[in-house]
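In what follows, every chain begins at residue 1, and chains take the letters A, B, ... in the order their sequences are listed.
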Number of protein chains: 2
Amino acid sequence: MQTQMLKGILEGCVLKVVENDYHFSKEILEILNSHGFNNITEGTIFPLLIRLEKENLFEIKKIKTEYGPHRKYYRLNEKGKQELKNFEESWNHLYKTVNHIMKEE
Amino acid sequence: MQTQMLKGILEGCVLKVVENDYHFSKEILEILNSHGFNNITEGTIFPLLIRLEKENLFEIKKIKTEYGPHRKYYRLNEKGKQELKNFEESWNHLYKTVNHIMKEE
DNA sequence: ATAGCTACCTTGTAATACAAGTTACCTTTC
DNA sequence: GAAAGGTAACTTGTATTACAAGGTAGCTAT
């Protein structure tokens with residue numbers, strides 16, 4: 001059940017994480033997990049990033065590092081910011097609805 | 001996106017609705033929608049009820065009515081109440097996590 | 001007996017989390 | 001210079017679930 005509850009919500013959280021600052025995949029993972037997500041993995045985050053990239057929501061910078069392969073940094077573009085706003089509205093409505101139901105004795 | 005956000009969450013809400021009182025499918029639908037869900041339909045609720053019934057979470061009463069076919073009333077049994085508790089814990093953790101991320105400046 | 005209502009149920013599709021595996025680049029050590 | 005080890009990107013396959021659309025069947029009223 002835990003897994004299924006995430007669907008769609010994780011996407012909004014990723015948008016929020018890269019709203020203003022560039023981050024690459026591993027940073028995004030760490031930020032999400034440090035906020036309380038249980039154990040988001042690469043198998044989850046990569047398909048999601050690719051999906052959002054195809055929807056044209058990011059500015060992307062590829063940066064070479066001294067260690068290992070290049071890193072791909074993501075940040076929202078204007079369309080991404082709009083999408084984040086849409087998510088926030090949906091989320092606010094959803095969590096209030098659910099909490100309302102849960103608090104009926 | 002809206003649709004995907006529901007996944008798994010709706011199940012918990014249905015459990016809550018029939019926690020203490022018997023309700024049949026249409027009542028469950030109406031209660032959910034009246035609390036703010038957009039437009040849950042039968043195509044959503046029936047597979048869900050059948051799923052939960054197979055997991056043995058309900059007591060079920062079939063009642064004949066004067067109008068039309070019988071109604072199938074659902075209420076949680078002990079296992080269902082335990083499952084609801086699990087959902088509530090997961091949900092509380094999830095919505096706090098998401099709100100925490102969303103409120104970072 | 002036909003129409004209309006109500007209720008239950010089935011089938012098929014699309015979306016998405018996640019595990020498990022792959023490719024590739026760089027440094028360090030032998 | 002070959003091997004080992006680390007990091008980062010990406011791919012493939014599976015299970016789950018919301019939902020549309022359609023189907024079956026009982027009852028009442030005309």
From CD of A/Glu53 across to C1' of D/dC10 the rounded distance in Å is 12 Å
key: Aromatic B/Tyr73 / basic B/Lys62 pairing, under 6.0 angstrom, 45° off normal   = no
note: A/Phe46, atom CZ; C/dG21, atom P; distance rounded to Å ~ 18 Å
Of A/Arg51 and A/His70, the one whose closest nucleotide on DNA chain C sits nearer the 5' end is A/Arg51
**Prompt:** Salt bridge check: are A/Glu59 and A/Lys79 linked by an N-O gap of less than 4.0 Å?
**Reply:** no
- Any B/Thr44 side-chain nitrogen or oxygen under 4.0 Å from OP1 or OP2 of D/dA18: no
Check your understanding: Are A/Lys7 and C/dA15 close enough that a side-chain N or O sits under 4.0 Å from OP1 or OP2?
Key -> no
message = Between the side chains of B/Glu19 and B/Lys16, is the shortest nitrogen-to-carboxylate-oxygen separation below 4.0 Å, so that they form an ion pair?
response = yes
Of the listed D/dA20, D/dT7, D/dC10, the closest approach to the B/Thr41 side chain comes from D/dA20
| said: If the threshold is 4.0 Å, N to carboxylate O, is there a salt bridge linking A/Arg51 and A/Glu11? | reply: yes
Of C/dC18, D/dA8, D/dC10, the nucleotide closest to the side chain of A/Ile40 is C/dC18
Atom CG of A/Leu6 and atom P of C/dA17 are separated, to the nearest Å, by 7 Å
When B/Tyr73 and A/Pro47 are each assigned the nearest nucleotide of DNA chain C, the 5'-most assignment goes to B/Tyr73
